[in-house]
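Computed over heavy atoms, backbone and side chain alike; hydrogens, waters and symmetry mates excluded. Letters A, B, ... are given to chains in the order of the sequence lines, protein chains preceding strands, and every chain is numbered from 1.
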Protein chains: 2
Amino acid sequence: MVAVSLDAVLVAVTEETPRTLVVDAGGGRSRFPSGPLDDDRTLELGMRRVLRAQAGLAVGYAEQLYTFGDLARSSDDPERTVSVAYLLLAHEEPPDGPARWIDWYQLLPWEDHREGRPAVIDEAIGPACRHWIEAAADPADRARRQERAQVVFGLDGTAWDGVRALERYELLFELGLLAEAGRGSGLASLALDLDHRRMAATALGRLRGKLTYRPVVFELLPDTFTLLRLQRVVEALAGVRLHKQNFRRLVDSQGLVEGTGMMARTGGRPAELFRFRREVVRERPRPGVGTPWAGAGVS
Amino acid sequence: MVAVSLDAVLVAVTEETPRTLVVDAGGGRSRFPSGPLDDDRTLELGMRRVLRAQAGLAVGYAEQLYTFGDLARSSDDPERTVSVAYLLLAHEEPPDGPARWIDWYQLLPWEDHREGRPAVIDEAIGPACRHWIEAAADPADRARRQERAQVVFGLDGTAWDGVRALERYELLFELGLLAEAGRGSGLASLALDLDHRRMAATALGRLRGKLTYRPVVFELLPDTFTLLRLQRVVEALAGVRLHKQNFRRLVDSQGLVEGTGMMARTGGRPAELFRFRREVVRERPRPGVGTPWAGAGVS
DNA sequence: CGCATTTATGCTCCAAGTGAGCATTGCAAT
DNA sequence: ATTGCAATGCTCACTTGGAGCATAAATGCG
């Protein structure tokens, strides 16, 4: 018999920043909404109950994310807690209660490549990786470490893969560049209580993957939106800039969106308002917004 | 405080049939290896311990699959058990102890499309779906049901998507065509204890997805293999036949495999033995064996 | 008003990837 | 020798995806 908690990683995108909802954990720290499993009929219903209670929000899209149960999750608590975490998507709303939205990339700054590859990767992470690689005694071990670092952080010409957010987090953790449940560390200005930052990394990777084969972006957007707005949301999550013309060609040639005829004034030439075309899920096997985690370049 | 168990869905492929390892659950029923969480440092280590104890097997590749925690999982047990299930891949080996391998598609016969679309889909499932659709009172509700059935089972010209194995299972369950924890039901000759057949469906979907973007097939193969062998394993998991020439072009133009120069006699012209090229993970962002869940045809 | 700025949109090119077949080559069994 | 089964090589047509050029329609400012 162990304690089981239900955790909610709720994501929204405002303008250009992806945000996630946290509550106060005491001691100036924050954590995701989280509460014990009760007599809930299903785990998901329990999680929704917890979220409603702690953030006063009801949410549409939800999927189970991962279950965290390492013994060492909390340094204070000798007792083991197994946490079943869910990923939720919502339009950003002012939360009702003590919850607040924080910028996702403040937790994981190395994940945002929209303005180019973050300097911290080549300045701090790369050297730390090299040091860690050298430190391996066995040469086979060294080769394994090198491969891992290259693949995970896109070093030495290997392409950056946005989906590997969790693998990056875990490598950084092994490198000692993160203090779990700690604050800052040079790399990031913000951490979360317990292993909740690891949850954030897990959620980011999962969401990035899902974007490419399921039309989940639309859960984050209002009913109608301009194509640029859509693109900005995808970019915010993917952490990468996209080619504008190709993006619009993609979404409409795939039938992901349809024009409404209405126009929006957006600062430049007025843009047409589009809406999601539900029918696409019947027409295409894996409808999504492919982001170019492809291309061998150093990016 | 609830009971937490660790479950293992271990998959192997012999010749052309994907298999999964089950143990005896008493009363003539079977279930996946499963045992309570103990003082294990991590959940994964605990699961390996359980597997070792119940099947006498140690395994390489493992990933967390899903956590099952519905109240109604077991009709006998009033107590709730939360099960953290893992997906494992192995070369088939005779298990050590009371465990045995069973054919995956005996659990989920509608998933095997290698010899064409299984008759049961159009004969039993399709009509049941139509009945269920008609039964919806609200027309909007009816539209939702119709879309769901079409997408999930590839009815009315919508393409079949192998990855949606879990969604299919859940729909069948709602349709009353499955008796969870039961035996047979017209649709399948075999069921498992508890909701373990749902686990099997979850694992199948996950594995089919993963095949296309990570080189996991090689976990199921010996070090060297012929390309046809590789293809057969992929087909067994994907549940679909592939075009032979294109398949070999794919795997070698992507750099997934390399020839060894050694030959194998295989009944026809001797085939070259190939091996997995690890370097591919550094070269390509998402190396895998794309299966054509594409193509709009009725397939 | 005229012009720079901003954003929207249309279109072309090209390289790589994918679905389908045709043709040929080696070995084994009859 | 003939037949059958696989393994391999290669062609063709078509789709996708990355990049960039060019133009259109608003706004803000001197």
Item to complete: For A/F274 and for B/S253, find the nucleotide of DNA chain C with the closest heavy atom, then tell me which residue's nucleotide is more 5'.
Response: A/F274
Worksheet item: So, A/E235 and A/R232, do they make that salt bridge, N to O below 4.0 Å?
Response: yes
Discussion item. What contact category does B/R265 fall into here, base, sugar-phosphate, or nothing, at under 4.0 angstrom with non-hydrogen atoms?
Written reply: nothing
Discussion item. Here's one to test your reading of the geometry: is the NZ or CZ of B/R286 within 45 degrees of the ring axis of B/Y213 and under 6.0 Å from its centre?
Written reply: yes
Worksheet item: Can you tell me how far P of C/dA20 sits from CZ of B/R241, to the nearest Å?
Response: 15 Å
Worksheet item: Which heavy atom in B/I121 sits nearest to a heavy atom in B/R117, and how many Å separate them?
Response: CG2-NH2, 3.5 Å
Item to complete: For B/R284 and C/dA16, give me the distance from atom CZ to atom P, rounded to whole Å.
Response: 10 Å
Worksheet item: Can you check the A/Q254 CD to D/dG17 C1' distance for me, whole Å?
Response: 11 Å
Discussion item. From CG of A/L230 over to P of C/dT9, roughly how many Å is that when rounded to an integer?
Written reply: 13 Å
Discussion item. If the threshold is 4.0 Å, N to carboxylate O, is there a salt bridge linking A/R248 and A/E272?
Written reply: no
Discussion item. Should the side chain of A/R249 and the base of D/dG18 be counted as holding a donor-acceptor pair, with the cut-off at 3.5 Å?
Written reply: yes
Item to complete: For A/R232, report the nucleic acid contact type (base, sugar-phosphate, nothing); a contact means any heavy atom under 4.0 Å.
Response: nothing
Worksheet item: Can a donor-acceptor pair under 3.5 Å be found between the side-chain atoms of A/H243 and the base atoms of D/dG17?
Response: no
Practice prompt. For A/F247 and C/dG10, give me the distance from atom CZ to atom P, rounded to whole Å.
Written response: 15 Å
Discussion item. Could you check whether A/E279 pairs with A/R282 (Lys NZ or Arg NE/NH1/NH2 to Asp/Glu carboxylate O, under 4.0 Å)?
Written reply: no
Worksheet item: Of B/Q245 and A/Q245, whose nearest nucleotide on DNA chain C comes first from the 5' end?
Response: A/Q245
Which pairs, protein N/O on one side and nucleotides 6-8 of chain C N/O on the other, fall under 3.5 Å?
| from | atom 1 | to | atom 2 | distance (Å) |
| --- | --- | --- | --- | --- |
| C/dT7 | O2 | A/R269 | N | 3.4 |
| C/dA8 | OP2 | A/K244 | NZ | 3.0 |
| C/dA8 | N3 | A/R269 | NH1 | 3.3 |

Discussion item. Can you tell me whether the side chain of A/N246 and the base of D/dG18 have a donor-acceptor pair closer than 3.5 Å?
Written reply: yes
Practice prompt. Output yes when A/R241 and A/E16 qualify as a salt bridge under the 4.0 Å nitrogen-oxygen rule, no when they do not.
Written response: yes
Fill in: Plane angle bin for A/F276 and A/F218 - parallel if under 30°, tilted between 30 and 60°, otherwise perpendicular
parallel
